[in-house]
Amino acid sequence: MAQQVKNTNIIWRQYFIKFYHRERVLLIKGQQRRNVQNLWDKSTKPSNTNSFFNKNAVVIEKLSPGVSSSTGLKERLSPNNYTPIRQKQSLLVEFIRLIKAYRDLSKAKLAALVILTTMCGYAMAPMATDLTCLFATTTGTGLCVASANAINQLLEIPYDAQMSRTRNRVLVRNAISPIHALSFGTLTGMAGVGILSTMVNPLTAILGASNILLYTCIYTPMKRKTIANTWIGAIVGAIPPMMGWAACTNNLELGAWILGGILYAWQFPHFNALAWNMRSDYSKAGYRMMVITNPLLNSRVSLRYTLALFPLSYITPYIGMTTWWFALDSSLINCVLLFSAYKFWKDSNDKSARDLFFASLVHLPVILALMMAHKKDQGIIINNEIIDVDEKELEKVMLELES
């Protein structure tokens with residue numbers, strides 16, 4: 001019996017020794033892996049690179065003697081092998097950061113909306129079939145918009161810093177320098193006007209250059225002086241569809257002015273609704289807006305120009321730009337905007353202002369899409385009127401004009 005107990009104690013002792021040894025080995029290996037992982041994670045930091053690799057090699061040598069020298073781990077962890085990769089990564093990160101800064105400086109969403117109206121103006125012009133001209137027009141217009149927005153932000157740095165909506169702009173938070181922004185605005189403006197002048201026509205280039213000057217040199221300073229800045233800003237927004245029309249026809253017929261008029265009228269309910277919820281910021285920055293100086297006028301002007309969209313939409317089928325179905329379809333979408341404008345005029349508050357603002361965002365692309373969908377197929381311009389002709393008659397007219 002005593003012998004059995006002795007044998008049992010020996011077996012248990014051997015078992016615990018093996019268990020303890022195995023667990024100790026596992027703990028050591030786990031600690032080694034954690035140490036190597038920590039050192040590897042620190043390798044992404046740009047500071048103290050040489051000291052890290054030297055320390056890393058020493059630690060690994062201590063953890064596993066002979067491993068680093070036998071397998072070439074020191075050579076693989078050498079900073080010479082990782083510096084080019086790190087440089088490429090830093091260059092890529094810097095490039096992406098710069099692209100995002102240019103996007104914010106250009107106000108990409110606003111620029112996309114302006115380009116959309118320009119494309120609509122081109123599409124609504126008679127005989128708009130040249131895709132190369134359309135691409136050059138949209139590119140040049142986009143560069144002009146980027147230039148105007150960049151210079152506008154440059155001029156308004158101290159005022160943007162006081163407004164919650166604009167305090168995170170790239171120039172306010174010093175993401176890029178003012179000189180950098182000025183260079184970007186100048187180069188994009190020159191490139192945009194140059195493209196429009198050489199690849200489209202001089203009239204479109206003049207409209208693009210005029211819009212840059214009107215936005216930066218007249219509208220921007222007027223924002224702190226008189227409420228008339230809103231009407232000047234509406235002219236800036238009305239010019240892009242006229243640029244699209246002029247790019248196709250090299251002229252500004254009645255259709256171009258109707259498109260400009262629709263964009264001009266649309267901007268008042270759109271901007272005045274936005275200004276209502278921004279009135280405290282505008283007041284802090286010292287901007288002279290209708291919503292601050294005369295809130296009743298702000299809502300009344302919104303309703304007035306919303307009503308003006310109805311006759312402007314009816315003129316397009318009258319002069320032959322669209323079919324008469326557009327008069328019906330546009331009335332429906334205009335009524336939706338009118339209902340929101342009426343509520344804003346009746347009771348100006350944050351909710352009615354938001355409803356009008358979002359209604360205007362939906363209204364513009366829908367009415368432009370309806371206009372293009374109901375455009376008449378063929379036509380020529382005679383004495384500022386679009387006359388329908390079939391293809392054979394159109395060929396005869398073109399031959400007569402060429403001769």
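A quick note: this is a predicted structure, and the numbers were derived from the prediction, not measured.
- You'll find the side chain of T188 stays beyond 4.5 Å of the side chain of C144, heavy atoms only.
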Might you work through the side chain to side chain contact (heavy atoms under 4.5 Å, CB included) test for K107 and N152, ending with a clear yes or no? CA-CA 11 Å; K107 299 180 184 177; N152 169 262; 3.4 Å; yes

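- Counting non-hydrogen atoms of other residues, nucleotides and ligands closer than 6.0 Å to CE of M222 gives a total above 12.
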Would D347 and S352 count as a side-chain hydrogen bond (donor to acceptor under 3.5 Å, both in side chains) if you check the C-alpha gap in whole Å, the side-chain angles of each, and the deciding distance to 0.1 Å? CA-CA 7 Å; D347 182 17; S352 61; over 6 Å; no

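- Both the sub-6.0 Å distance and the 45° axial angle are not jointly satisfied by R304 relative to the ring of F268.
- Checking side-chain atoms of S106 against main-chain N and O of R103 turns up no donor-acceptor pair under 3.5 Å.
- Between R354 and N277 there is a side-chain heavy-atom pair separated by less than 4.5 Å.
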Any chance you could lay out the side-chain hydrogen bond (donor to acceptor under 3.5 Å, both in side chains) test for Y314 and S331, step after step, and finish with the verdict? CA-CA 9 Å; Y314 298 153; S331 296; 2.7 Å; yes

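- Proximity of I367 to F326: side-chain heavy atoms (C-beta onward) are separated by under 4.5 Å at one or more points.
- Side-chain atoms of T118 never come within 3.5 Å of backbone atoms of P241 as a donor-acceptor pair (strictly under, hydrogens ignored).
- Put simply, the side chain of L309 reaches to within 4.5 Å of the side chain of H363, judged on heavy atoms.
- Between K351 and D355 there is a salt bridge, with a side-chain nitrogen of the basic residue lying less than 4.0 Å from a carboxylate oxygen of the acidic one.
- Panel note: side chain N149, backbone V145; a donor-acceptor pair is recorded below 3.5 Å.
- A 4.5 Å side-chain heavy-atom check between Y305 and R300 finds every atom pair outside the cut-off.
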Audit row: W276, D350, side-chain hydrogen bond (donor to acceptor under 3.5 Å, both in side chains) steps and yes/no: CA-CA 7 Å; W276 176 268; D350 292 350; 3.1 Å; yes

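- Proximity of a side-chain donor or acceptor of K376 to a complementary backbone N or O of T323 within less than 3.5 Å is not detected.
- T204 contributes a side-chain N or O that, together with a main-chain N or O of A247, makes up a donor-acceptor pair within less than 3.5 Å.
- Residues that satisfy the side-chain hydrogen bond (donor to acceptor under 3.5 Å, both in side chains) test with R169, not counting sequence neighbours, are D160.
- The backbone N or O of A228 lies less than 3.5 Å from a partner atom in the side chain of T226, making a donor-acceptor pair.
- Under the 3.5 Å distance criterion, the side-chain polar atoms of R224 are matched with a main-chain donor or acceptor of A285.
- With N211 contributing its side chain and L207 its backbone, the two residues share no donor-acceptor pair below 3.5 Å.
- In this structure, W324 and H374 have side chains that are not in contact, with every pair of non-hydrogen atoms separated by 4.5 Å or more.
- Using the six-membered ring where Trp is involved, Y102 and H180 have ring planes that are perpendicular, over 60° apart on the 30 and 60° scheme.
- Listed for the T220 side chain is no donor-acceptor partner under 3.5 Å among the backbone atoms of C217.
- Salt bridge status for K109 with D104: absent, with no side-chain N to carboxylate O gap under 4.0 Å.
- The closest donor-acceptor contact from the side chain of T198 to the backbone of G194 lies under 3.5 Å.
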